[in-house]
Amino acid sequence: RWVPAIGNNRIPRYPAAVLDARSHGSSADLVLGAPNFTSSIFIGTEPSDRIRKDAIRYPSHIAFDDFGRLYASDLLGRIVVWNPPFSNNKQISRIAGVPVLIQGQPEPPATKIGMQLPQRIRLIGRKVVVADAGLHRILILPEFEQWPEESKQFSPTAESVLGQPTFEAITANRGLSEPVAGSLRNPRGVLFFNDGSGNDGNWLLVADTGNNRVIAFPGQSFDNNSAATRFLGQEGLEFGGINRVEGREVAFLNNLLGDGLPFAGGLAVDRSTSPPRLFVADPSKNRVLGFRNLWSALSGGSAALVQGQL
């Protein structure tokens, strides 16, 4: 089991057998991003720090692809990738999210390459999906094997974007005063789900934390013209405030803590049941909401259980 140790700027691995035994004080058997188990590397925020392969800064989320590669988002606006096999303090293999800078020119606010506060990472097939919270969008990157050689282009180019009309747009909710079906505000969570009915059964669920809602985009391919058709947490797709209807509301926190670490909700689907169950972390109320039916939840249904509160 891999766990991002945000404050220690590293990602340790804990043996599954040790965790399954539920023993206290379990020790990691491998660490990435740090020289060893007892030290860490402090990395700054300069452009030269973003291309370093020996360290990470506040790693927040991880994911694995079918080939065992480990992807991690960090607070330098990067997705760092390690190829297996893993070893202590192994160098980062590739980095996404770092645009090529032109000497004497400032970095553009948004591009097809750069990221700002990337959060949750998911794989759709082999494509890499990233919640780019700082730019209010979801980026879809090509599969790792299609990334250009690093000597030709340091970071890969995104294929499509959700939540913004173009790759260069940077404003929340597409610059509108209220959200719409195709807009986002500080999205922090993303989850891909297939209901088993083929391409038409593909759904991309997004924890749109700044709009206090979970929205679902249908389809096999997603682009800047895609719009959500299902939602949770609001009375409609045109609302973004905190909904007070008990059992259907969520109050995500879209701010940053004083130390710069992101704090927001998350999503999980239990596919072992029919219909599938949906679980939503509701951080400002210190609870997790559980919905017996994913589809009814995204059509205005209420939670069936709550964990963390009476």
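Using modelled atom types and a 3.5 Å distance limit, the side chains of D270 and T273 yield no donor-acceptor pair. Between the side chains of N83 and R69, at least one donor N or O sits under 3.5 Å from an acceptor N or O. Checking N36 against N89 by side-chain atom types alone, no donor-acceptor pair falls below 3.5 Å. Side-chain atoms of T45 and R57 form no donor-acceptor pair, as typed in the model, at a separation below 3.5 Å.
Note that CZ of F193 is 10.0 Å distant from CG of L298, once rounded to the nearest 0.5 Å. In this structure, CZ in R185 is found 11.5 Å from CG in L176, a value given to the nearest 0.5 Å. Atom CG in N8 sits 10.5 Å away from atom CD1 in I56 (nearest 0.5 Å). Expressed to the nearest 0.5 Å, how far CZ of F252 lies from CG of D208 amounts to 8.5 Å.
Ion pairing between a basic and an acidic side chain is recognised when a charged N comes within 4.0 Å of a carboxylate O; K53 and E150 show such pairing. Comment: R137 engages D132 in a salt bridge, judged by a side-chain N to carboxylate O separation of less than 4.0 angstrom. For the pair D29 and R13, the salt-bridge criterion is met [side-chain N within less than 4.0 Å of a carboxylate O].
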Handout entry: Candidate pair V81 and I92, rule side-chain contact (heavy atoms from CB on, under 4.5 Å), full reasoning
Key = CA-CA 6 Å; V81 186; I92 294 167; 5.6 Å; no
Practice task
Could you give me the CA-CA distance, side-chain angles and deciding distance for F291 and L305, then say whether side-chain contact (heavy atoms from CB on, under 4.5 Å) is met?
Solution key: CA-CA 7 Å; F291 299 83; L305 67 87; over 6 Å; no
Exercise for the section: Walk me through it: do F192 and N202 pass the test side-chain contact (heavy atoms from CB on, under 4.5 Å)? Expected result: CA-CA 7 Å; F192 181 69; N202 288 335; 3.5 Å; yes
Practice task
Kindly indicate, with the supporting measurements, whether the criterion side-chain contact (heavy atoms from CB on, under 4.5 Å) is fulfilled by V214 and V206.
Solution key: CA-CA 6 Å; V214 177; V206 178; over 6 Å; no
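In this structure, A16 and R1 approach most closely via the heavy-atom pair CB-NH1, 3.2 Å. What you find for S87 and L32 is that their closest heavy atoms are O-CD2, 3.5 Å. Counting all heavy atoms, side chain and backbone alike, L139 lies closest to G114 at CD1-O, 4.1 Å. The minimum heavy-atom distance linking I95 with R50 is given by the pair CD1-O, 3.7 Å. Counting all heavy atoms, side chain and backbone alike, L191 lies closest to R122 at CA-NE, 4.0 Å. Residues M115 and I79 share a closest heavy-atom pair of SD-CG1, 3.8 Å.
Residues L289 and V269 share a single hydrophobic cluster, defined by chaining ILVMFWY side chains whose heavy atoms lie under 4.5 Å apart. There is a path of hydrophobic side-chain contacts, each under 4.5 Å, that joins I121 to V161. With hydrophobic clusters built from ILVMFWY side chains whose heavy atoms lie under 4.5 angstrom apart, L294 shares a cluster with V250. No path of Ile, Leu, Val, Met, Phe, Trp and Tyr side chains, each step under 4.5 Å between heavy atoms, connects F167 with L162, placing them in separate hydrophobic clusters. A continuous path of hydrophobic side-chain contacts links W82 to F154 [ILVMFWY only; heavy atoms under 4.5 Å].
Counting heavy atoms of neighbouring residues, nucleotides and ligands inside a 6.0 Å radius, atom CD of E145 exceeds 12 of them. Applying the 6.0 Å contact sphere to NZ of K90 captures more than 12 heavy atoms from other residues, nucleotides or ligands.
In this structure, P165 and R174 have side chains that are in contact, with non-hydrogen atoms separated by less than 4.5 Å. Side-chain contact between V130 and I138 is absent, with no heavy atoms from C-beta onward closer than 4.5 Å. Between S183 and Q164, the closest side-chain pair of non-hydrogen atoms is not below 4.5 Å.
Ring geometry for W2 versus F86: interplanar angle over 60°, hence perpendicular rather than tilted (30 to 60°). Note on ring orientation: taking the six-membered ring where Trp is involved, the planes of Y71 and W147 are perpendicular (angle over 60°, cut-offs 30° and 60°).
Residue K127 is tested with E143, E159, Q146 for a side-chain hydrogen bond (donor to acceptor under 3.5 Å, both in side chains); the sole match is E159. Screening V31, V80, I62 for a side chain to side chain contact (heavy atoms under 4.5 Å, CB included) involving I11 leaves a single residue, I62.
Judged purely by atom type and a 3.5 angstrom limit, N293 has no side-chain atom pairing as donor or acceptor with the backbone of P276. Checked by atom type and distance alone, the side chain of Q116 never pairs as donor or acceptor with a backbone atom of A110 at under 3.5 Å. At least one donor-acceptor pair under 3.5 Å links the side chain of D65 to the backbone N or O of F67.
In terms of the side-chain contact (heavy atoms from CB on, under 4.5 Å) criterion, residue partners of A181 (sequence neighbours excluded) are, by chain and number, A227, L237. R120 meets the side chain to side chain donor-acceptor pair (under 3.5 Å) test with no other residue; sequence neighbours excluded.
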